[in-house]
Structure formats: structure tokens, C-alpha cells
Novice: 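Structure in C-alpha cells, see below.
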Amino acid sequence: MLCDLCKQYPATIMIKKIINGVQTEIHLCEQCAKRETISTGGKYDLSDFVKGVLDMQSGIDNSTYPQKNISEFFAKKLPKCPSCGLAFSEFRKTAKFGCENCYSAFSSILEPILKKMHGKTVHTGKIARSAGVDIIKKREISDIQHQLMKAVNEENFELAAEYRDMIKLLKENAGNEQ
Amino acid sequence: MSSRSYINDIVVSSRIRLARNLVDIPFPMKSTAEQAEQALDALENATGAGTELAFEEFEVIKVDDLNDSARMSMVERHIISPELGHNKSAATILNKDKTVSIMVNEEDHVRIQCILPGFSLYDSYAKANAIDDALQDKISYCFDEKLGFLTSCPSNLGTGMRAGVMVHIPALVLNSRLSNIANMANKFGLALRGIYGEGSDALGDLFQVSNQYSLGLTEIEIVNHIHSITKEIIKYERDERNKLLINQEDLIRDKIQRAYGILTNAYMLTTKEAMSLLSLLRMGADLEIFNGVDYSILDSIIVNIQPATLSLTFNGKVDERSRDIFRAEYIQKQLTQN
């Protein structure tokens, strides 16, 4: 196997990283590995890259970003968005996606970025009408389930029973409509 | 003094912004001229006659049709963002009382913004949310069950919401307590930023408290956070004002009366100087040291003396020096005619 970066010399070193369940592998020749570890200060960490994205987003000049080569590597490894043609390198520069499909095209790098940006990765707010009735109903039920758990924890069993009946009713209605 | 409520003197305005994108059209950054026009058409149709929103009497203003001063003035008045206007179909759809500006083809296709005066974040959210609902009669948004509303920048993902209040906190600034407030806001995932001017050089002691996170919280949770932090800020600002009165009333009285003296007698005033003097008057009105001019007048002066808006008032482009003369004249007239 040739080195992922220079594509000239055989890869002798593999760097593997798992961040939030996203596994990335990079195979390097000795020369490139040496350069990479020096240029990254001995660390190869996606979170620095995420930080880079965040810094760029907040407008901090990031010309001294040490992991240029690594993210260039990712730029090559990740495909362009099939829908709008946005390349990862563009996203790295602007921290902006080009279309709704970019989110699935770049889903593998999304989670750590969202964790870093928002601390959370799952939406709990308003649901668009375009999401469809099923999702809206599902959310309604899960919200009440949440309330039910809370009521049980607070030993407010009267309220919990009310929630239980509400969920039952909602589930029945959903079943009838199908 | 009609607008002089307990809270209006510290919370100047409350703002909600919802970022949305239309399905099947690439985000503005990647959309063609035709696609951008298509997005604008869709929004015009969704807000015009015969829709649920007709009563708002929306008007479409294309950024391309505005000259530089007119565009900058809209930025200064917070009707549009500085980023709006890099393509031909960038526009604001503005309601009659100018409380709602639907920006089209900014970073996202749709940015619903509602700004209401005073501490009215819940009302502002209710209004923006109602418009968001009504728009969906005619248009479909990009939405993902797990990620929420899909926005061009992942930092707006989820609710797509940025909520914020503009606070006037001169006593906290004067007593060097700003970093305490910023830290407190930060702990709740909120950010404190200057409204006018850059970085720490915030003009007029006006700051915005807004949410940093848009994903993983409900809209109401975000609004609740800002609401409770703002209540704390109001309390702290009031404490600091009382401290000023107790410990150095003479000094403060002197400062405020001097500010009035300069504002009503100067021949030239820069934005920076005018803003800090007006900030003192605004506080003086609350401390009952300076009476006779309503908050609403002071607030409209603050908006109208910004460079581009002032140029518009005086019909067209003027150099900086004549603008400073106009500014002094304008302020004098506003403060003395009442």
C-alpha cells in the first residue's frame, strides 16, 4: 500500500483515531508520518481540526493552522457532495454547507463538529411541517413520555396516569389513521 | 413619559431570528441566479395578498435596488444583516410596522427576524413562530428528524434560532463589572456582544445577550434561558446604578449634566462621542438626574445618528466632517425641541 499523502513510498505507519464513534484511518510512509507528527506537534487529533473550523467560523485568522496537510488529506478522502458539488476543503474554509444533501454527504465528520459547536447532536425543538405527520406525532408521544418519566420520578402518580392515558390515546389514533 | 416602564430603560429591544431553507434548491452560497430568484418568488407568494400574512402588508425590498447609504442604514437599524446583499435576489420582505424582516437569500434562503421594543422576548418569539407557521402553508423547509432545520452553517442547526435582547448597561461598564456578566452568560450557553463598534470598544454601553447553541434545546428553553439571565442583568445593573448614586452622586450628576451640555452645544460630534454621551443621558433619565426627554426619543436619536442613516437624513453622501456637524445639529434639535 502506498502512502495516502505522497502516494510515492510504501505506507509503513497507520494512524487510527476514533472520535465519537467515527473511525478514521490514515496510512503514511515514514517521511510523511514524521512531517505530520512534527507539524501537528506530535498529536494527530480531529478535535484540533474541529477547533480550526470553529476558529474560522468565529472569524479568527487561522493561517498558522498546523494541520493543513491532514485536513487536505481529508479533503481528498471525503467525496464531494453529489448534489451541489461542495468539496470538503470548501467547508473547511467557510464552515458552510452548500445544500441540504451536504449533511448526509459529510455525515461522518459532522458529529464531532456538532458536539463541539452545540454540546449536543440531536434536535429537540420545533418540527417542520415538511417532516410529515408521522414524525410530528412521534415527537408528541415522546415528549409526553418524557413528562411521564418525570412525573413518576416525582412520585406524582396521578399525573403519570394522565400522561399514560394520553399516550395510549395518541398511539391508538395513529394506528387508526394508518 | 409613556415608554418609561420599569424594564424598558435597561432592555432596549428583544429579537428572534429563525434560519430556514427551502427544499430542492441549493443554499444561497451554491444556488444559481435563477434558483435564487425562484426562492425569492416563493417567499413573495407566501407573504403576499391572499395569504394568512396579508394583514402584515409586507413589502419586498431588493438589496440591489438600494444605494449604499440606504443599505447601510438598514443594517444600522438592524432591519437587515450586513451579510445580506451579495446576489441579485437578496431581499428583505418587511412588514408595515418594520418589526418583522424576512431576509431572503442571505446565508440561508429564509431568515425570519422579529424585533420588538423593550423586554418582550416571548412576544417576539410568538410573532416569529407564527410567521414561520404561516409561511409553511406555501413553502416546504429542509428538515431532518435528528438534526432539525438544516442551515448552511452547522452553528445554526436544529432550531435555526438566534434569540437575543439588547441591553443598556452603563453602570456595569462604569464599575468594570462587564466580565462578570459575560462569564455568567457564558455559563448558560449565552454570549454577550457589543451592538455598535467592534470587540471591547462597544459604543453607547449597548450589548446583546444571545444564545450560542441552537441544537439540542427547544425554542422555549432557549428563550427561558435568555429571559432569566436578562432578569439577573437588570438586577445587577440596577444595583450598580444605586451604588453610583450612594457613593458618588455628585460625580455622576456632574457627568450627566456635562453630557447634556455638550450634546446641546457642540458644533461637531463623532458617532463615538455622541454615543457615550447619550448613554449617560439614558442612565440619567432613569436616575431622575436628567428629565424631560423620553427614552423613545433618546433611542431614536441613537439609531438616527449612525453614519449611513445620518447621511440619508441629509440627503446623500457627505464627508465625515460635515457629517459630524450634521450630527451635532440633529442631536441639539432633538433634545431641545421637547
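The chains referred to below are lettered A, B, ... by the order of the sequence lines, with proteins before strands, and numbering in each begins at 1. Since this is a predicted model, take the numbers as computed values, not measurements.
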Novice: Determine the option with the most heavy-atom pairs under 4.5 angstrom with chain B, choosing from K120(A), H123(A), K138(A), R139(A).
Specialist: H123(A)
Novice: Using a cut-off of under 4.5 Å on heavy-atom pairs, state which of E221(B), Q212(B), Q136(B) scores highest against chain A.
Specialist: Q136(B)
Novice: When rounded to the nearest 0.5 angstrom, what distance separates CG in L22(B) from OH in Y141(B)?
Specialist: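 Reported value, rounded in 0.5 Å steps: 8.0 Å.
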Novice: Heavy atoms only, distances under 4.5 angstrom: which of N156(B), T218(B), L215(B) has the most pairs with chain A? Name it, please.
Specialist: L215(B)
Novice: Does the E100(A) side chain pair with the main chain of D24(B), one donor and one acceptor, at a distance under 3.5 Å?
Specialist: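 Pair found, side chain donor or acceptor close to backbone of D24(B).
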Novice: Measuring heavy-atom distances to chain B, does L86(A) have an atom under 4.5 Å in its side chain, in its backbone, in both, or in neither?
Specialist: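 For L86(A), heavy atoms of backbone and side chain both lie under 4.5 Å from chain B.
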Novice: What residue in G132(A), A131(A), C99(A), C102(A) has the most heavy-atom pairs under 4.5 Å with chain B?
Specialist: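 Looking at each of G132(A), A131(A), C99(A), C102(A) in turn, C99(A) comes out on top.
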Novice: When only pairs under 4.5 Å are counted, which of S214(B), P154(B), P28(B), C142(B) shares the most heavy-atom pairs with chain A?
Specialist: P154(B)
Novice: Side-chain polar contacts of residues 120-131 of chain B - donor-acceptor pairs under 3.5 angstrom, sequence neighbours left out - could you list them?
Specialist:
| from | atom 1 | to | atom 2 | distance (Å) |
| --- | --- | --- | --- | --- |
| S120(B) | OG | P117(B) | O | 2.9 |
| S120(B) | OG | G118(B) | O | 3.4 |
| Y122(B) | OH | N224(B) | OD1 | 2.5 |
| S124(B) | OG | S14(B) | O | 3.4 |
| S124(B) | OG | C114(B) | O | 2.9 |
| K127(B) | NZ | E56(B) | OE2 | 3.0 |
| N129(B) | OD1 | K126(A) | NZ | 2.5 |

Novice: Report yes or no: does N211(B) contribute a side-chain atom to a donor-acceptor pair with the main-chain N or O of Y213(B) at less than 3.5 Å?
Specialist: yes
Novice: How would you list, in number order, the residues of residues 33-43 of chain B that have a heavy atom less than 4.5 Å from chain A?
Specialist: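 Checking residues 33-43 of chain B against chain A gives no residue, so none.
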Novice: Hey, does L217(B) have a side-chain heavy atom less than 4.5 Å from the side chain of H225(B)?
Specialist: yes
Novice: D137(B) versus chain A, heavy atoms under 4.5 Å apart: side chain, backbone, both or neither?
Specialist: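 Both backbone and side chain of D137(B) come within 4.5 Å of chain A.
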Novice: Drop me the distance from M103(B)'s CE to R17(B)'s CZ, to the nearest 0.5 angstrom.
Specialist: 8.0 Å
Novice: Roughly how far, to the nearest 0.5 Å, is the CG atom of L53(B) from the NZ atom of K138(B)?
Specialist: 10.5 Å
Novice: May I ask you to decide if A308(B)'s main-chain N or O and E76(B)'s side chain share a donor-acceptor pair within less than 3.5 Å?
Specialist: yes
Novice: Among G125(A), C84(A), G85(A), A128(A), which residue has the highest count of heavy-atom pairs closer than 4.5 Å to chain B?
Specialist: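 Heavy-atom pair counts peak at A128(A).
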Novice: When only pairs under 4.5 Å are counted, which of I25(B), V23(B), D133(B), D144(B) shares the most heavy-atom pairs with chain A?
Specialist: D133(B)
Novice: Using non-hydrogen atoms and a 4.5 Å limit, figure out which bit of T151(B) sits close to chain A: side chain, backbone, both or neither.
Specialist: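 Both backbone and side chain.
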Novice: Looking at every heavy atom in both G164(B) and I226(B), which two are closest together, and how far apart are they?
Specialist: N-CD1, 4.2 Å
Novice: Which distance, rounded to the nearest 0.5 Å, do you find between the CZ of R20(B) and the CE of M161(B)?
Specialist: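 So the gap between those two atoms works out to 9.5 Å.
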Novice: Hey, could you give me the CG/CZ distance between L157(B) and F97(A), rounded to the nearest 0.5 Å?
Specialist: 8.5 Å
Novice: What residue, out of S140(B), G189(B), G216(B), has the most heavy-atom pairs lying under 4.5 Å from chain A?
Specialist: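 Looking at each option in turn, the highest pair count goes to G216(B).
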Novice: Between P26(B), G158(B), G148(B), S152(B), which residue shows the highest count of heavy-atom pairs closer than 4.5 Å to chain A?
Specialist: S152(B)
Novice: Rounded to the nearest 0.5 Å, what's the gap from CD on E90(A) to CE on M29(B)? Could you check?
Specialist: 5.5 Å
